[in-house]
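First up is the structure itself, then whatever we jot down about it.
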Amino acid sequence: TPFSAMSPPARGLFFEEVGRRVYAMTFGPTTACTDKYGYRSRLSKYDFKGMGGERSEVKFAQLRWNLKRAEWWYFWAHIRLDLFDDLLLVGYCPDRLDFWLWDKETGLSTNGILTTSRGDYSITFCSGDKWTSSIRAPGRLLASLKYVDHDAWDRLGFSNIGPRSH
């Protein structure tokens with residue numbers, strides 16, 4: 001994939017920015033988060049605000065094969081329900097990125113002591129036995145961007161995604 005050479009932090013920031021642009025194309029302009037917390041208040045409570053003031057968070061997960069169940073799975077971790085109004089889930093597939101606005105129900109599970117102490121949840125979503133077609137969705141599908149769809153990436157302001165012929 002075009003993202004395999006990126007470090008995990010760089011990939012996370014990239015998916016956050018792409019998610020923000022997909023969200024903006026669907027719902028309207030966004031603004032940066034100004035609410036901070038943590039040591040020296042360096043951590044953002046969420047990723048951006050929507051046009052109506054919605055606190056929006058972006059989480060991404062790579063599609064993985066679950067050997068025990070013989071199914072493809074996404075696993076989004078460190079979900080803090082108290083810090084956002086809208087959650088944009090990015091599914092990182094071999095040939096595309098899928099973007100869902102989470103329905104606030106599908107796949108939500110607790111993480112034992114982490115949930116009790118920090119409100120830390122996870123979302124697990126099974127896409128079935130074929131990674132090319134999801135049989136269920138964890139919310140409303142906002143976009144599905146194939147790596148070779150250069151026009152779609154150009155519309156989002158990313159002209160360097162995927163191989164291009166000269």
### Query
Between L145 and L156, is a side-chain contact (heavy atoms from CB on, under 4.5 Å) present by the stated rule, with each step listed?
CA-CA 10 Å; L145 298 174; L156 287 171; 3.3 Å; yes
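- In the hydrophobic cluster analysis, where Ile, Leu, Val, Met, Phe, Trp and Tyr join through side-chain heavy atoms closer than 4.5 angstrom, L141 is grouped together with L89.
- For the residue pair D98 / S144, a side-chain donor-acceptor distance below 3.5 Å is found, with atom types taken as modelled.
- No donor-acceptor pair closer than 3.5 Å links the side chain of S44 to the backbone N or O of D47.
- A donor-acceptor pair is defined here as one N or O able to donate and one able to accept, closer than 3.5 Å; such a pair exists between the side chain of W153 and the backbone of K146.
- Nearest heavy-atom pair across D82 and R55 is O-NH1, 3.2 Å.
- Between the CZ atom in R21 and the CZ atom in F48 there is a gap of 12.0 Å [rounded to 0.5 Å].
- Scanning all heavy atoms of the two residues, the minimum distance from L63 to C93 falls at CD2-SG, 4.3 Å.
- Under the 4.5 Å side-chain heavy-atom criterion for Ile, Leu, Val, Met, Phe, Trp and Tyr, V18 and M6 are members of the same hydrophobic cluster.
- The main-chain N or O of F75 is never found under 3.5 Å from a side-chain atom of K59 such that the two would form a donor-acceptor pair.
- Judged as a ring pair (Phe, Tyr, Trp, His ring centres under 6.0 Å), and not counting sequence neighbours, the contacts of F15 are F3, F60, Y92.
- Between the CD1 atom of I79 and the CD atom of E57 there is a distance of 7.5 Å, given to the nearest 0.5 Å.
- For R11, there are no salt bridge (Lys or Arg N to Asp or Glu O under 4.0 Å) partners at least two apart in sequence or on another chain.
- Remark: N66 engages no residue in a side-chain hydrogen bond (donor to acceptor under 3.5 Å, both in side chains) (not counting sequence neighbours).
- Considering only heavy atoms from C-beta on, L97 comes within 4.5 Å of Y147 through its side chain.
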Please output the side-chain donor-acceptor pairs of residues 24-32 that fall under 3.5 Å, not counting sequence neighbours, one pair per line with the distance.
residue : atom : partner : partner atom : Å
T26     : OG1  : V22     : O            : 3.0
T30     : OG1  : R20     : NE           : 2.7
T30     : OG1  : R20     : NH2          : 3.4

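- Contact record, V90 with W76: O-NE1, 3.1 Å, taken as the closest heavy-atom pair.
- Listed by chain and residue number, Y46 satisfy the side-chain hydrogen bond (donor to acceptor under 3.5 Å, both in side chains) test with D35 (two or more places apart in sequence, or in another chain).
- D86 approaches L101 most closely through the heavy-atom pair CB-CD1, 3.9 Å.
- Not counting sequence neighbours, the partners of L108 by the side chain to side chain contact (heavy atoms under 4.5 Å, CB included) test are L81, W102, Y121, I123.
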